[in-house]
Asks: 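Sharing a structure below in structure tokens format, with a few things to ask.
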Amino acid sequence: MPLLEIDGLNKAFGGLRAINGLDIHVDEGEVVSVIGPNGAGKTTFFNLVTGMETPDEGSIVFDGQHVVGLRPNQILQLGMARTFQNVRLFPAMTVLENVMVGQHSRTKAGLVGAIFKTRSQRREEAEIEERAKEVLSFFGTRLAGYRHDQLSMVLSYANRRRLEIARAMATGPRLLLLDEPTAGMNPRETIELTELIGRLRSERGYTIVLIEHDMQVVRNVSDRVVVLDHGVKLVEGTYDEVSTNEKVIEAYLGRPAELGA
Amino acid sequence: MSQVVDAPVPVEVEFRPAPPLDMSRAVKLGLSGGVAMVLVCAIGMVATFQPRMLIDPILPMGTFFLYMLAFIFGWMAGQPPATLEGFEPAKAGGRNLQAGALAGLLGGLCVGLLLIAMTTWDLRGVFINLSPELVEILTFGLPVAAAIPVIAAISAVAGALGSAIHLLPNRLRRALLPALLWVLVFSLFTDIFGQLFAGLRMEFLIDLLYTGRGGALTIVGAVIVFAVFFALYWWMGGRENTLRQRVKAIPKDKRSRWQIGAALIILVVLYFLPKIMGPFVSQILVTAGIYLLMALGLNIVVGYAGLLDLGYVAFFAVGAYTTAILTSPQSPMFTPQISVLASIPFVMIAAAVAGILVATPVIRMRGDYLAIVTLGFGEIARILLNSEWLAPIFGGAQGITNIPDLKIGPLIFSTPQDYFYPVFLFVLIAAYVTYAVQNSRWGRAWMAMREDESVAEAMGVNIVTAKLSAFVVGAMLASFGGTLFAAQIGSVFPHTFDIVVSITVLVIIIVGGMGSVPGVVLGAIVLIVLPNLLREFSEYQFLFYGVLLIVMMLKRPEGFIPSKRRAQELHSEELSQDAWLEIYGEKGLPEQVPEGGMA
């Protein structure tokens, strides 16, 4: 049974059919890339899966559980965490705090515990901090040491993207949904991030769904590629299958020379 | 450069000389100052303040206040502009003095025009405060034609003195300004110092400085105060850094011992404070404490959770009315007549219920919408309390009277001095809760919600619980304030729970610094204690709030004592520059570096 199974998903904004009868499945341990031209419905697809928008029709089953109608925080608790295309951190919170917030749904201390500083609250607080540091250490020196106490708003663009991934990792997910993780990065940072996505699977065992425009990244990390256009799944297959598919070239890539680069 | 470049050549930056001071700015400031001076005359401040002598017999408060404006605008006009990249820092010089004098002169001329207008036409039909007494005050008893040059000259001198501040060497300025400020404090708060010296059995100081208990500062007194504080600040000016280093040099484990010691001293001072200061000041402190309690609660709702609640007074009313109904024999519906102390658990429950009632409909609302809805709730609360319909429960406009005093065991709290302690205790509890919650799971969840609600939810924060809990915590703190208020005053009336209370509490946290406990304390002192101590000011309290808010938003939007986080947020682009200044400062260069919190 696939980890994530989507059947007949529909979503319209007024007259615009953003997602039109979409079927997608993601198996445990896979890295699936979702590509498509601008306005193809990729981000809407993420929003629907994570509960930030409600589908008009269709079913989304994660790990055997229907998630349509659940609140985003409930869906996250099941084990799906995302990042955002236009990085959305908590700007006036520190790097460490951003990652600590990620663990909210995995911890349970209440206000009374915080006020009376009960032993279990203090222990949990220490654990939260330790885990947050552990997650940040995944990014090597990029988000280490003095960076812990910096406000996330002062980070560089690439570091903000890394921190967003860290925050998603801290929520304890099985499936990571990464929305254009390399957007706005320079070539070197892009290569680094490509490696990182590989490590996310090999070291941490996450299943990953990724929206990406950079075809190098898509080729290097994906087991399977899904092409969306106008809310419809155009083609699905390995990178090579997809990249040579005529429909895809027509709808999305325009010139095949760019693709093979 | 002609040499062969192998090693990196130190870059030589050529600084252009700073542009000369902008005189048109001085003209603009002078005219603005003139408008301000005319305004304080027209609304009657000058005439109201005049009977009060600041320094007997030479300086009445009205005249002082008027020319203080010329001084302030002169100070602004003479301010050297900020150093721009590529320019040398501007040095203050004669031109700054001229600018200040010009601004002052223009201000004075505006007052002169007002005088001419007042004596030519009868303006009292519209401006009731433009009275013959005002003419008398403004002209110093001279004929109008002779008075105008005098006014202009005094204003110009005041403006020039204001701008002269920029010419003083740092150490002198840092001694002179605080010393002058202390003279002002001693002359404004004569009652307080009279009470203080009497309470400390140091009546000789009253005779030394004042014309009598509660009287004005004498010239000798002013000179003494100035000399003492000037000497003190001059001495400190040379040692500030070494003192700071010495504090820094104390090892951490010993520092906590020092901190405990300092806290103990503060507690002892606070214990004796109401005893020394007497009922009048204690009453003001109790009022300020209740506001402070509410401000700390609202700080959690607005400062932490980012939920702008404009109807916060409703929770205050819930606390006051719950206590009133449960304790008073006059309660119209049912009269359990329990003690005030026993009513506190019920107050907490009522506040929690009220918090949930307000929060539930606004769960899915954000920002402005939430503010408007809460504003509505505040008004609904007041109208319901006032209504005939619910009068059988709340007593309508007659309110509920005969609320008994707070009793804890054998202790009976009846005077304002007595109430200082429980109020202070609750403030301490509220401050502790604020600190404890800040770095906790829910504290972080609130902040995340404030930063970006939908992302917070997508990252696992249950928005419903987060909003409810923030409202409930805030409601409880405000309701304690209500309980103490009801017990101290002995009665509750619906008109007390006006929107003005909500606004005042909000202004306290904005002015003090959102999210910062010391800031909120200072905000309560500035906005509640000071206007109440200066009885002349009470009529103009809201004018004072308005001016303060505008100045704050322009000059220090993060508040007096901001939380570190908020200061960074609002000044992120300046941070790099500060870092540069620090490096620069360590080389020992920075006589020019602008100082931080000059009074």
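Note that the structure is predicted; figures quoted are calculated from it, not measured. Order of the sequence lines fixes the chain letters, A, B, ..., with proteins taken first and strands second; residue numbering starts at 1 for each chain.
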Asks: So does B/Glu457 pair up with A/Arg71, basic N to acidic O under 4.0 Å?
Replies: yes
Asks: What closest approach, in Å, do B/Ala458 and A/Phe84 show between heavy atoms, and which atom pair accounts for it?
Replies: CB-CZ, 4.2 Å
Asks: Looking at B/Arg450 and A/Ala92, what are the two nearest heavy atoms and their distance?
Replies: NH2-CB, 4.2 Å
Asks: Heavy-atom count around A/Glu130 CD within 6.0 Å, excluding the residue itself: above 12?
Replies: no
Asks: For B/Met348, does the CE atom sit with more than 12 other heavy atoms under 6.0 Å from it, leaving out its own atoms?
Replies: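 Check fails, neighbour count at 12 or below.
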Asks: Side chain, backbone, both or neither: which part of B/Tyr432 has a non-hydrogen atom closer than 4.5 Å to chain A?
Replies: side chain
Asks: Measure the spacing between CD1 of A/Ile115 and OH of B/Tyr435 and express it to the nearest 0.5 Å.
Replies: 15.5 Å
Asks: Should the heavy atoms of other residues, nucleotides or ligands under 6.0 Å from CG of B/Asp368 be counted, would the total exceed 12?
Replies: no
Asks: Can you tell me how far apart CZ (B/Arg444) and CE (A/Met93) are? Round to the nearest 0.5 Å.
Replies: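 Reported to 0.5 Å precision, the distance equals 7.5 Å.
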Asks: Quick one: which of A/Met80, A/Gln103, A/Met52, A/Arg106 has the most heavy-atom pairs under 4.5 Å with chain B, could you say?
Replies: A/Met52
Asks: Answer yes or no: are there more than 12 heavy-atom neighbours, outside A/Lys108 itself, under 6.0 Å from its atom NZ?
Replies: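 Counting other residues, nucleotides and ligands, NZ of A/Lys108 stays at 12 neighbours or fewer.
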Asks: Rounded to the nearest 0.5 Å, what's the gap from CG on A/Asn73 to OG1 on B/Thr465? Could you check?
Replies: 7.5 Å
Asks: With only heavy atoms counted, which part of B/Val464 is less than 4.5 Å from chain A, the side chain, the backbone, both or neither?
Replies: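 Neither; nothing under 4.5 Å.
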Asks: For chain B, which of A/Arg82, A/Met100, A/Gln77 has the most heavy-atom pairs under 4.5 Å?
Replies: A/Met100
Asks: Is A/Phe138 atom CZ crowded by more than 12 heavy atoms from other residues, nucleotides or ligands, each under 6.0 Å away?
Replies: yes
Asks: Find the one option among A/Asn98, A/Thr171, A/Val101 whose heavy-atom pairs under 4.5 Å with chain B are most numerous.
Replies: A/Val101
Asks: Hey, are the side chains of A/Arg88 and B/Ser454 touching, using non-hydrogen atoms and a 4.5 Å cut-off?
Replies: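 A/Arg88 reaches B/Ser454 side chain to side chain.
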Asks: Working note: A/Glu97 + B/Asn439, criterion side-chain contact (heavy atoms from CB on, under 4.5 Å); need CA distance, chi angles, decisive distance, verdict.
Replies: CA-CA 9 Å; A/Glu97 280 170 344; B/Asn439 292 314; 4.1 Å; yes
Asks: Checking A/Leu111 against chain B: side chain, backbone, both or neither under 4.5 Å from a heavy atom?
Replies: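 For A/Leu111, heavy atoms of backbone and side chain both lie under 4.5 Å from chain B.
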Asks: Take atom OH of A/Tyr157 as the centre, draw a 6.0 Å sphere, and report whether it contains more than 12 heavy atoms from other residues, nucleotides or ligands.
Replies: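 Atom OH in A/Tyr157 is crowded, with more than 12 foreign heavy atoms closer than 6.0 Å.
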Asks: Is any side-chain heavy atom of A/His104 closer than 4.5 Å to a side-chain heavy atom of B/Arg441?
Replies: yes
Asks: Tell me, for A/Gln74 versus chain B, whether the close heavy atoms (under 4.5 Å) come from the side chain, the backbone, both or neither.
Replies: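 It is neither, since no heavy atom gets under 4.5 Å.
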Asks: For A/Glu125 versus B/Ser440, what's the shortest heavy-atom pair and its separation?
Replies: OE2-CA, 3.9 Å
Asks: Provide the closest heavy-atom pair for A/Ser105 versus B/Gly460 in the form atom of the first, atom of the second, distance.
Replies: CB-O, 3.7 Å
